[in-house]
Amino acid sequence: MGNRKNKSRSQKRKFIGNRFTERTKPLDVPTVSEQKLKTTSVSFENIPSKDDKMSGNRIFDVEILRTIFNCLCCPSCLSVNLQLTEDSIFGLSSGMTLKCKNCMFVYAFQSTRKANKMNDINLQFVWGMRIIGKGHSSSKKLCASLNIPSLSKAAYRSCEKNY
């Protein structure tokens with residue numbers, strides 16, 4: 001009644017070959033791409049030198065930063081007893097304090113800049129997650145795999161609203 005396939009006919013045709021199958025490329029002749037790459041000159045004008053000011057965000061290990069600050073001297077008493085403590089965490093940004101153990105020197109700072117009362121790194125992180133099509137749960141998994149603090153769901157949503 002229905003469409004029955006003929007059993008004598010093969011199901012799929014097999015590739016036997018064509019006129020290009022046996023063709024091999026000589027090894028001594030460069031391709032057009034190789035010729036173009038040889039003729040182009042490399043410009044080193046846009047490569048930043050070591051004298052340029054560093055900018056942008058970095059992810060760093062707090063223990064390494066703490067050991068660096070332990071080696072530095074206090075600007076007030078010139079002792080080598082500076083202590084780095086983390087006061088607050090808001091997503092990927094941290095509020096840190098540098099204290100001298102000998103005198104009353106205290107210097108508080110944020111790990112990233114703020115824009116419109118929000119940390120730039122958090123806004124950039126949420127924007128990046130939105131660009132790749134992922135949401136809050138994926139951002140938590142990424143932060144957990146990198147062993148860095150993650151944004152709460154409310155903070156993530158407020159960053160989404162700002163973009």
Side-chain angles (χ1 to χ4, degrees), residues 24-163:
T24 59
K25 179 182 161 188
L27 298 175
D28 296 337
V29 178
T31 63
V32 176
S33 299
E34 289 172 351
Q35 291 173 356
K36 286 180 183 178
L37 287 174
K38 286 180 183 177
T39 60
T40 59
S41 62
V42 178
S43 173
F44 294 103
E45 294 173 7
N46 295 331
I47 298 174
S49 67
K50 293 180 181 179
D51 298 336
D52 290 345
K53 184 180 176 183
M54 288 192 304
S55 63
N57 298 313
R58 308 290 189 273
I59 296 176
F60 57 87
D61 189 358
V62 178
E63 291 299 320
I64 293 173
L65 187 65
R66 190 174 289 153
T67 57
I68 298 295
F69 279 122
N70 283 338
C71 299
L72 298 176
C73 65
C74 174
S76 300
C77 65
L78 300 176
S79 69
V80 192
N81 290 326
L82 289 177
Q83 180 182 9
L84 180 70
T85 56
E86 189 173 38
D87 299 331
S88 61
I89 299 173
F90 184 72
L92 301 176
S93 179
S94 298
M96 297 187 176
T97 304
L98 192 60
K99 297 178 185 177
C100 180
K101 294 180 182 177
N102 292 340
C103 68
M104 301 301 290
F105 175 76
V106 176
Y107 181 71
F109 61 95
Q110 289 286 324
S111 63
T112 59
R113 284 177 274 159
K114 288 191 172 189
N116 299 329
K117 297 183 180 180
M118 300 197 79
N119 295 312
D120 279 347
I121 188 72
N122 294 335
L123 291 170
Q124 292 167 357
F125 180 70
V126 170
W127 179 248
M129 294 301 290
R130 288 188 65 181
I131 285 174
I132 62 172
K134 299 296 180 183
H136 178 256
S137 61
S138 297
S139 72
K140 285 184 77 164
K141 290 176 188 176
L142 176 64
C143 290
S145 66
L146 294 174
N147 194 18
I148 57 176
S150 63
L151 283 110
S152 65
K153 193 164 190 169
Y156 192 89
R157 297 293 175 231
S158 68
C159 288
E160 276 185 326
K161 288 178 185 176
N162 285 345
Y163 267 113

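- Between the CD atom of E63 and the CG atom of L84 there is a distance of 9.5 Å, given to the nearest 0.5 Å.
- The minimum heavy-atom distance between G95 and Q110, with the atom names listed, is CA-NE2, 3.7 Å.
- Between atom CZ of residue R113 and atom CG of residue N119 there is a gap of 11.5 Å, rounded to the nearest 0.5 Å.
- From N122, atom CG reaches atom OG of S150 across 10.0 Å, with rounding to the nearest 0.5 Å.
- Taking the side chain to side chain contact (heavy atoms under 4.5 Å, CB included) definition, one finds that F105 meets it with C74, P75, S76, L82, C100, C103, Y107, sequence neighbours left out.
- In this model, no donor atom of one side chain and acceptor atom of the other lie less than 3.5 Å apart for S94 and S111.
- Sorted by first and then second residue, the salt bridge (charged side-chain N to carboxylate O under 4.0 Å, His left out) pairs involving residues 154-163 (not counting sequence neighbours) are R157-E160.
- Here salt bridge (charged side-chain N to carboxylate O under 4.0 Å, His left out) pairs that include residues 78-103, with residues two or more places apart or in two chains, number zero.
- For the pair S158 and A155, the tightest heavy-atom approach, listed with the atom from each and the gap, is OG-O, 2.9 Å.
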Donor-acceptor contacts, no H, no angles, side chain residues 128-147, under 3.5 Å, sequence neighbours left out:
unit_1 : atom_1 : unit_2 : atom_2 : d
H136   : NE2    : L151   : O      : 3.1
H136   : NE2    : K153   : N      : 3.3
S139   : OG     : H136   : O      : 2.6
S145   : OG     : K141   : O      : 3.4
S145   : OG     : L142   : O      : 2.8

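- Distance CG/L92 to CD1/I148: 5.0 Å, rounded to 0.5 Å.
- For residues 69-88, the set of pairs meeting the ring-ring contact (aromatic ring centres under 6.0 Å, His included) definition, not counting sequence neighbours, is empty.
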